[in-house]
Amino acid sequence: MSANRKNRAVVLERPESLAVHELSVPAPGPGSVVAKVEYGGVCGSDVHMSKGEFQLPYAIVLGHEGVGVIEELGEGVTHDYAGNALQAGDRIYWCPIAPCHKCWYCTVEKDFSSCTNATWFGPVDRPTWGSYAEYVTLPTGAAFFRIPDGTPSEAVIAFGCALPAVLQGIERAGGIKPLSNVVVQGCGPIGLAAVMMARLSGAATVTAIDASPLRLALAQKFGASAVLDLSATSAEERLESVRRNSGGRGADIVIEGTGHRSAFQEGMQLCARNASYLLIGLWASQGEQSFDPSQIVQRNLKLVGTQYAQGRHYYEAMKIASLHHQTLPFEALITHRCGLHEARQAFDLVSSGKAGKVVMRP
Ligand SMILES: [Zn+2]
Ligand SMILES: [Zn+2]
């Protein structure tokens, strides 16, 4: 069976060159699994990757967010990474990065997202786990979790890598305290995940900023207590509004999920004294942004960065989807479903800033 399995996959051959290739899918090696992809999430990072903004081992299969159905278990795989028994036909959600478990960050600091030898994208001449494809082969060490019966796959892929990234970011920022005032910049999947987590954490106010009416409406459904339309308000008006809702002080935590460096200076201004400014969306470099560092000192600010999430955050994200998909509109977040030949259109949708979640449906 395995020898004949063909895999139609979206291959980034080199920057700006996308094509659907037919690859083969060998039987999984010891410790790995082959899964049939149900949904591959389209992330803003994919758009940056497609433009060649990162060094990648071309040609690669794109897609680092996915849910799928176990097709074949490699030797020794009997359980998921949370200890749940596993068999062919089970649905899984995976972390796309396999840490080495041998470096300083993995062993001493126990921070797998800083692993210096992590396995990420592999070239297409080997089994890969890019999720813009019919099949993925998850390597040993890439954590995956069985999706509980009764939890729709759509609820899990709705936030893709965004909810895990937000969970890790909030962890690094020291949490969101109950009754705090939260501002979220940008209401794409990262921003909406941040709005939801702020609400679930018991924030007093959650103010969401975006230019898209669709995204602002979603932010309200996920728990924003106020929304500010970027295209209909000035920076001064937004600052005034946030201060008015927070006893004149500003936000206790500002979470950036825009991917636009122009958000940085405004985010700094929206911070109250002693606030944290958590940067998540500004992953891809867009050049320098000037600011006065004395603002950090004089107002006791904490700047927190966070990059790709770790296995445990994927597990937590899946549990949150399981617990809340019936009361929060996870599935409504998915606004566009694209076929493998529509990757370019999917990127345009993500870049437009007007879509909710865009997914590939191989
Ligand atoms: Zn991503
Ligand atoms: Zn490591």
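Numbering starts at 1 and runs along the sequence shown. Owing to the predicted nature of the structure, the values given are computational and were not obtained by experimental measurement. Remember, it's 1-based here, ligands and their atoms both numbered in the order they're listed.
Note: Trp120 and Tyr308 have parallel aromatic rings, judged against thresholds of 30 and 60 degrees for the angle between ring planes. Taking the six-membered ring where the residue is Trp, Phe144 and Tyr81 present perpendicular rings, their angle passing 60° and hence far from 30°.
Coordination check, His101 versus the Zn ion (ligand 2): failed, since every N/O/S atom of the residue sits at 2.8 Å or beyond.
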Fill in: Candidate pair Asp210 and Ser212, rule side-chain hydrogen bond (donor to acceptor under 3.5 Å, both in side chains), full reasoning
CA-CA 6 Å; Asp210 200 285; Ser212 153; 4.5 Å; no

Fill in: Verdict with reasoning, Arg5 to Glu134, per salt bridge (Lys or Arg N to Asp or Glu O under 4.0 Å)
CA-CA 10 Å; Arg5 200 161 34 204; Glu134 292 174 307; over 6 Å; no

Fill in: CA sep, side-chain torsions, deciding dist, call: Thr205, Asn181, side-chain hydrogen bond (donor to acceptor under 3.5 Å, both in side chains)
CA-CA 5 Å; Thr205 65; Asn181 296 298; 2.7 Å; yes

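Contact of the Thr128 side chain with the Val136 side chain is not registered, since no non-hydrogen atoms from C-beta on lie closer than 4.5 Å.
With the Zn ion (ligand 2) as the vertex, SG of Cys103 and SG of Cys106 span 110° to the nearest 10°.
Listed by chain and number, Cys43 SG, His64 NE2, Cys161 SG are the protein N/O/S atoms closer than 2.8 Å to the Zn ion (ligand 1), with waters left out.
Checked by atom type, the side-chain pair Gln185/Tyr277 shows a donor-acceptor distance below 3.5 Å.
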